[in-house]
Amino acid sequence: MPDKQKNIYTNNLKVAKYGNKAWQKAQDMGLIDLGVIRKRNKLITKDCHEFINMANFSYLGLDTHPKIVQGAAEQVLKSGSLDQPTARLRIHLSDIDDAEKALSELFEGFVLTASTCSALSEGVLPLIASGVFTDNQKPIMIFDRFCHFSMSITKPICADETDIITVPHNDLEQVEDICKKNKYVVYVADGAYSTGGSCPMPELLKLQEKYGLYLYIDDSHSISTLGKNGFGYARSHLNEINERTFFVNSMSKGFGCSGGMLLTGTPNYQDFIKRFGGPIAWSHPINSAGIGGILASVKIHFSEELVILQKALQKNLNFFDSLIKTNQLGSQIPIRIMELESKEDPSIIARKIFDKGFYVAPVSFPVVPKGKIGLRMMIRSNLTLDEIKQCCEIINGTVNHY
Ligand SMILES: *Cc1c(COP(=O)(O)O)cnc(C)c1O
C-alpha cells in the first residue's frame with residue numbers, strides 16, 4: 001500500500017467519488033456528451049432538438065466568423081499539410097513565426113504559441129518552479145484555490161521542484177505575508193474566473209512593485225472581449241508588460257481560433273521554454289488551420305470591427321443584467337452565475353430550460369457556495385436582445401416555479 005504522504009495536491013479518487021454523481025445526473029438528463037450540428041446561431045441534437053448555447057465561450061462570436069474559417073481553410077491548402085511532423089524545437093513551418101509576430105504586435109509583448117493553453121501551463125509552470133527564471137533560486141509558488149484546472153494540475157510537478165502554497169480565493173493578505181518572508185514568490189491565478197469575478201489586478205501590481213512578486217495569470221476568459229486590441233482584463237492594467245509577469249491565454253475562447261499563447265514582456269524566457277517546456281517542446285505546435293485562423297483573427301482585432309463587437313457584448317451584458325440579478329451584476333466579464341437556494345438537482349432545472357430551447361450549465365459547489373446550486377450563462381455579442389429576453393424569461397419562469 002502507498003504511504004499516507006500521497007494525495008497532497010490532487011486526489012482523483014475523491015474527486016471522482018464526489019463529482020461523479022453530478023455528472024451522472026447530467027448525463028441521465030441528456031445534458032452532457034451532446035453531439036450536435038450547427039445551424040446558423042443555433043445547434044441541433046441528433047434527435048432534432050434545436051437550441052441556443054448559453055455555455056459558448058466565444059464571447060464575440062468569432063468562432064464562426066467567415067474570415068477566420070476561410071483563413072484556416074486556405075492556410076491548410078497553402079502549406080499542403082495539417083502539421084509539420086517534427087518537434088517544434090527542431091523544425092517548424094515559418095507560418096508559426098508569422099503568427100507569433102502578428103500576435104506579439106497585437107498584444108504588445110512577446111508571444112510564444114502552443115497547441116493549447118493547458119500545454120503551455122504544463123510546460124511553463126514547472127520551469128518557473130525550478131528557479132530557472134528567478135536567478136536559479138527556487139521561488140515559493142502560490143496558487144489561488146480557484147485557479148483553473150490546467151494550472152492546479154501542475155502542483156505535484158511544481159512541488160517536486162519547490163514549495164507550493166494554495167491560498168484562499170483572492171486572499172492577498174496571505175500573499176503579502178509570504179512576500180515579506182521570501183525573496184522569490186510567484187502567484188498563479190486566473191485573470192477572469194470561470195467561477196465569476198476576477199483577480200485583483202491593481203493590488204497584485206502593487207505587491208509586485210513593493211516586493212518583486214512574479215505573476216502568472218491565465219486570462220483565457222477575457223482576451224478579445226475587453227480593452228485596446230482585445231488585451232483583456234489583466235493585460236489592460238499594464239502599459240508595457242514587465243519582466244516579472246507571464247500571461248497565458250487560450251485562443252479557443254473569445255479569440256475565436258484554437259491554441260494557446262504565452263505573452264511576456266521579454267523574449268528571454270522563450271528559448272528555455274521551447275527546449276525544456278515539456279509539451280511545448282515535444283508535442284505538436286498549432287497546426288496549419290490554427291495558424292490561418294490566428295492570422296485572420298489578428299486582422300479583425302486590429303480593425304474597427306473588434307470595437308463594434310466589444311460594444312455589442314457590453315450592451316447584451318447590460319440587458320441581461322436588467323433581467324436577471326447575479327453576483328456579477330455590472331461586471332464587464334461575460335460570465336453570469338445565478339445562485340439558487342433550491343434543493344432540486346440543478347440538472348433537472350437545466351433540463352427544463354433546455355427543453356424550452358436554451359442550454360445553460362448547471363453548477364454546484366465550489367462554483368457556488370455549499371448548499372446552493374446555480375446556473376452559469378455565458379453572454380455573447382452574437383445573441384439578439386430578443387434571444388436574451390426569451391432566455392431570461394424561461395430561466396425566471398422555471399426557477400420561480402420552485
Ligand atoms: C478554457 C481554459 C483553459 C483551457 O484552454 P485550452 O487552450 O483548451 O487548453 C485554460 N485556462 C482557463 C482559465 C480556461 O478557461
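For the single chain, residues carry numbers from 1 onward in sequence order. If you're wondering where the values come from, they're calculated on a predicted model, not measured in any experiment. Ligands are counted one by one from 1 in listed order, and the atoms in each one are counted from 1 as well.
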Open item on the list: Less than 6.0 angstrom separating the ring centers of Y269 and F246, yes or no?
Closed with: yes
Open item on the list: Are more than 12 heavy atoms, taken from residues, nucleotides or ligands other than D163, located less than 6.0 Å from that residue's CG atom?
Closed with: no
Task: From H221, K253, R380, residue fulfilling side chain to side chain donor-acceptor pair (under 3.5 Å) relative to Y59 - done: H221
TODO: Quick one: pull up CD in E74 and CG in L295 and give me the separation to the nearest 0.5 Å.
DONE: 11.5 Å
Task: side chain to side chain donor-acceptor pair (under 3.5 Å) partners of residues 259-268, not counting sequence neighbours, each pair once - done: T266-N268
Give me the pairs of N or O atoms, one from ligand 1 and one from the protein, that sit under 3.5 Å apart.
residue	atom	partner	partner atom	Å
ligand 1	5 (O)	S250	OG	3.3
ligand 1	7 (O)	C117	N	2.9
ligand 1	7 (O)	S250	OG	2.8
ligand 1	9 (O)	C117	N	3.3
ligand 1	9 (O)	S118	N	2.8
ligand 1	9 (O)	S118	OG	2.6
ligand 1	11 (N)	H148	ND1	3.3
ligand 1	11 (N)	D218	OD2	2.5
ligand 1	15 (O)	H221	NE2	2.9
ligand 1	15 (O)	K253	NZ	2.6

Task: Full working for salt bridge (Lys or Arg N to Asp or Glu O under 4.0 Å) between R351 and D355 - done: CA-CA 6 Å; R351 177 71 217 195; D355 285 339; 2.8 Å; yes
